[in-house]
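Please read these numbers as outputs of a predicted model, since none were measured by experiment.
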Amino acid sequence: MALCLALAAALVHLDGGGSTPGDHSPEAGFARDMAVHHQQAVEMSFIVRDSTGDADVRRLAYDIANTQANQRGMLLGWLDVWGLTPTGDKPPMAWMGGHHASYKAHDGSLMPGMATNAELDKLRKARGKAAEILYLRLMIAHHKGGIEMAQGAVDLSDDKQIHGLAKTMAEGQQSEIDMMNDMLRKRGVPRVG
């Protein structure tokens with residue numbers, strides 16, 4: 001399936017014409033960083049799926065895992081088509097410049113919004129409602145970081161395929177943030193900023 005997605009992404013990009021992004025381009029930085037960011041969202045979604053019986057949270061986790069795994073396949077496929085490696089020699093977020101480039105990775109949190117190793121361990125140990133609340137809070141923060149990155153790609157890239165995917169990501173993740181805040185409210189927890 002990942003191979004099919006990568007091939008489809010390659011064909012779409014090749015049809016769009018234009019020049020191939022370079023190793024230090026915003027397009028390459030976005031593809032690399034968002035692929036890593038998405039991988040953690042997939043991991044968190046699988047963790048909560050096994051930690052709760054709540055149908056709504058499990059459905060949300062399933063949707064996030066599938067959407068972000070598919071998008072990750074597209075991003076990695078583009079890198080392959082561009083002849084670029086999945087990892088670069090610059091730190092995460094360097095392609096965005098500004099305050100994002102100065103983000104200090106800590107305890108496994110490589111970029112804004114990513115959970116730390118300690119938070120992931122806490123999620124792995126949590127069960128039921130506690131797992132649901134922690135997952136929702138972590139995923140809201142995760143999505144906020146993803147939206148900032150997607151907006152950075154829109155602002156810095158001239159590639160129409162990157163623009164389209166980044167806008168879709170930002171819109172979808174904002175919609176999920178709204179839904180997750182409603183789910184927190186139903187669990188008696190205040191919404192996350």
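Looking only at distances, no side-chain donor or acceptor of S175 sits under 3.5 Å from a matching main-chain atom of E171. The backbone N or O of M93 lies less than 3.5 Å from a partner atom in the side chain of D33, making a donor-acceptor pair. Between the side chain of Q40 and the backbone N or O of A115, at least one donor-acceptor pair lies under 3.5 Å.
When the side chain to side chain donor-acceptor pair (under 3.5 Å) test is applied to E27, the partners found at least two apart in sequence or on another chain are S25, S157. Here A153 pairs with F30, W95, I162, A166 under the side chain to side chain contact (heavy atoms under 4.5 Å, CB included) rule; sequence neighbours left out. D56 is linked by a side chain to side chain donor-acceptor pair (under 3.5 Å) to R59, counting only residues two or more places apart in sequence or in another chain. Looking at residues two or more places apart in sequence or on another chain, you find no salt bridge (charged side-chain N to carboxylate O under 4.0 Å, His left out) involving D182. Listed by chain and residue number, H106, D107, S109, A118, E119 satisfy the side chain to side chain contact (heavy atoms under 4.5 Å, CB included) test with T116 (two or more places apart in sequence, or in another chain). Checked against side chain to side chain donor-acceptor pair (under 3.5 Å), E43 has the following partners two or more places apart in sequence or in another chain: R124. Scored by the side chain to side chain contact (heavy atoms under 4.5 Å, CB included) test, R58 finds R49, T52 as partners (sequence neighbours excluded). The side chain to side chain contact (heavy atoms under 4.5 Å, CB included) check on K90 picks up H24, A94, with sequence neighbours excluded. Remark: D80 pairs with no residue by the side chain to side chain donor-acceptor pair (under 3.5 Å) rule, at least two apart or across chains.
Hydrophobic clustering (ILVMFWY, side-chain heavy atoms < 4.5 Å, transitive): L75 and V154 are in distinct clusters. Under the 4.5 Å side-chain heavy-atom criterion for grouping Ile, Leu, Val, Met, Phe, Trp and Tyr, M114 is not connected to L134 through any hydrophobic cluster. Note: the hydrophobic cluster containing M180 does not contain Y62 (ILVMFWY, side chain heavy atoms under 4.5 Å, direct or indirect links). Neither M169 nor I177 shares a network with the other; the hydrophobic side chains, linked directly or stepwise wherever heavy atoms of I, L, V, M, F, W or Y lie under 4.5 Å apart, form separate groups for each. Hydrophobic clustering of Ile, Leu, Val, Met, Phe, Trp and Tyr side chains at less than 4.5 Å, counting indirect connections, keeps I147 apart from L165.
Scanning all heavy atoms of the two residues, the minimum distance from D159 to Q161 falls at OD1-N, 2.8 Å. V48 and V57 make their closest contact through CG2-CG1, 4.0 Å (heavy atoms, listed as atom of the first residue, atom of the second, distance). Minimum heavy-atom separation, L76 to P86: CD2-CB, 4.1 Å. Considering every non-hydrogen atom in both L110 and A105, the closest pair reads CA-CB, 4.0 Å. Closest non-hydrogen pair, I64 versus S45, comes out as CG2-OG, 3.5 Å.
To the nearest 0.5 Å, the span separating NE2 on H143 from CG on D178 amounts to 10.5 Å. The CG atom of N181 sits 4.0 Å away from the CD1 atom of I140 when rounded to the nearest 0.5 Å. Note that the CD atom of Q173 and the OG1 atom of T168 stand 11.0 Å from one another [nearest 0.5 Å]. Distance check: L156 CG to H163 NE2 gives 8.5 Å after rounding to the nearest 0.5 Å. Separation of atoms NZ (K122) and CG (N117) is listed at 15.0 Å; rounding is to 0.5 Å. Taken to the nearest 0.5 Å, the CD atom of Q151 stands 8.5 Å off from the CE atom of M96.
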Side-chain donor-acceptor pairs under 3.5 Å in residues 185-193, sequence neighbours left out?
| unit_1 | atom_1 | unit_2 | atom_2 | d |
| --- | --- | --- | --- | --- |
| R187 | NE | E132 | OE1 | 2.8 |
| R187 | NH1 | M183 | O | 2.9 |
| R187 | NH2 | D54 | OD1 | 3.4 |
| R187 | NH2 | D54 | OD2 | 3.1 |
| R187 | NH2 | E132 | OE1 | 3.3 |

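Other members of the cluster containing F46 are V42, with ILVMFWY side chains joined at under 4.5 Å, either directly or via other members.
Applying the ring pair (Phe, Tyr, Trp, His ring centres under 6.0 Å) test to every pair with at least one member in residues 110-142, sequence neighbours left out, gives these pairs: H37-H142.
Under the 4.5 Å side-chain criterion, counting only non-hydrogen atoms from C-beta, T85 is in contact with R32. Between M34 and M74 there is no side-chain heavy-atom pair separated by less than 4.5 Å. In this structure, the side chains of M139 and E176 stay at 4.5 Å or more apart for every pair of heavy atoms.
With M179 as the fixed residue, the side chain to side chain contact (heavy atoms under 4.5 Å, CB included) test singles out one of L136, L184, L60: L60.
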